[in-house]
Amino acid sequence: MKKIAALILTAALAVVSGCRVVPSGPEPKPVPEAVNASAVKLGGELLSAIRCRDFAAFCKIAPEQMKPELDKAKFDASADQFKAEYGELEDFEFLTMLDTPGVANAVWKVGFRRNDADGHAVRRELLFRVVVAELDGKTEILSFGFF
């Protein structure tokens, strides 16, 4: 009896679980290898600019939609806030490219170090992702961030 109840419960969950079929259509073109390589290069440059607090280098590669809002004071304030919470950006290591249609998603492991209230070193790692695509023949960063 328990087996039948479990089977009915499983079937009911499958029916109401929100599964849906994605309509068929043209498959998105695979991301060109050059765009994937650019994502790795640009992400590394972004992380280097953040680590070195190099505002000029950061501005050169920041997403176009972000550039009008950039100024050194905001950049420095953001860097100070991030440092207070996570510590100094110590190192970063490229991990992988995620398979996503139409855009390149590059992911890094980023290490931070700070001292706790007792003066002991604390290491923390976050993931960093940069999304890059080819737009009008130019490779551009669409977004980036830590998670």
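Heads up: numbering here begins at 1 and tracks the sequence.
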Close aromatic pair by centroid cut-off 6.0 Å: Tyr86 and Phe146: no
Connected via hydrophobic side-chain network under 4.5 Å: Leu127 and Val130: no
Any residue meeting side-chain hydrogen bond (donor to acceptor under 3.5 Å, both in side chains) with Glu93, in chain and number order, not counting sequence neighbours: none
Validation row: Met66, Phe144 side chains within 4.5 angstrom (heavy atoms): yes
Met97 side chain near Val107 side chain, heavy-atom distance below 4.5 Å: no
Which atom of Ala49 lies closest to which atom of Ala57, heavy atoms considered: CB-CB, 4.1 Å
Distance (rounded to the nearest 0.5 Å) between Leu126 CG and Phe147 CZ: 9.5 Å
Arg53 side chain reached by Asp76 side chain, heavy atoms, under 4.5 Å: yes
Shortest non-hydrogen contact from Leu46 toward Ile61: N-CD1, 3.4 Å
Working for side-chain contact (heavy atoms from CB on, under 4.5 Å), residues Val132 and Thr139: CA-CA 7 Å; Val132 174; Thr139 303; 3.2 Å; yes
Leu142 side chain reached by Val103 side chain, heavy atoms, under 4.5 Å: yes
For Trp108 against Ala39, the heavy-atom pair lying closest together: CH2-O, 3.4 Å
Distance (rounded to the nearest 0.5 Å) between Ile141 CD1 and Glu64 CD: 10.0 Å
Pairs satisfying side-chain hydrogen bond (donor to acceptor under 3.5 Å, both in side chains), at least one member in residues 37-50, at least two apart: Lys41-Glu45
Atom NZ of Lys83 with >12 non-hydrogen neighbours under 6.0 angstrom: no
Asp54/Lys60 salt bridge by N-O under 4.0 Å criterion: no
Heavy-atom pair of closest approach, residues Ala106 and Phe94: CB-CE1, 3.9 Å
Output field: ring centroids Phe92/Phe128 closer than 6.0 Å: no
Taking every non-hydrogen atom, the tightest pair across Val35 and Glu134: CG2-OE1, 3.6 Å
Heavy-atom pair of closest approach, residues Cys59 and Leu70: SG-CD1, 3.8 Å
Passing option when Asn105 is tested against Asp99, Thr96, Asn36, Thr100 for side chain to side chain donor-acceptor pair (under 3.5 Å): Thr100
Residue pairs fulfilling side-chain hydrogen bond (donor to acceptor under 3.5 Å, both in side chains) with at least one residue in residues 114-128, sequence neighbours excluded: Glu90-Arg123, Asp91-Arg123, Arg123-Glu125
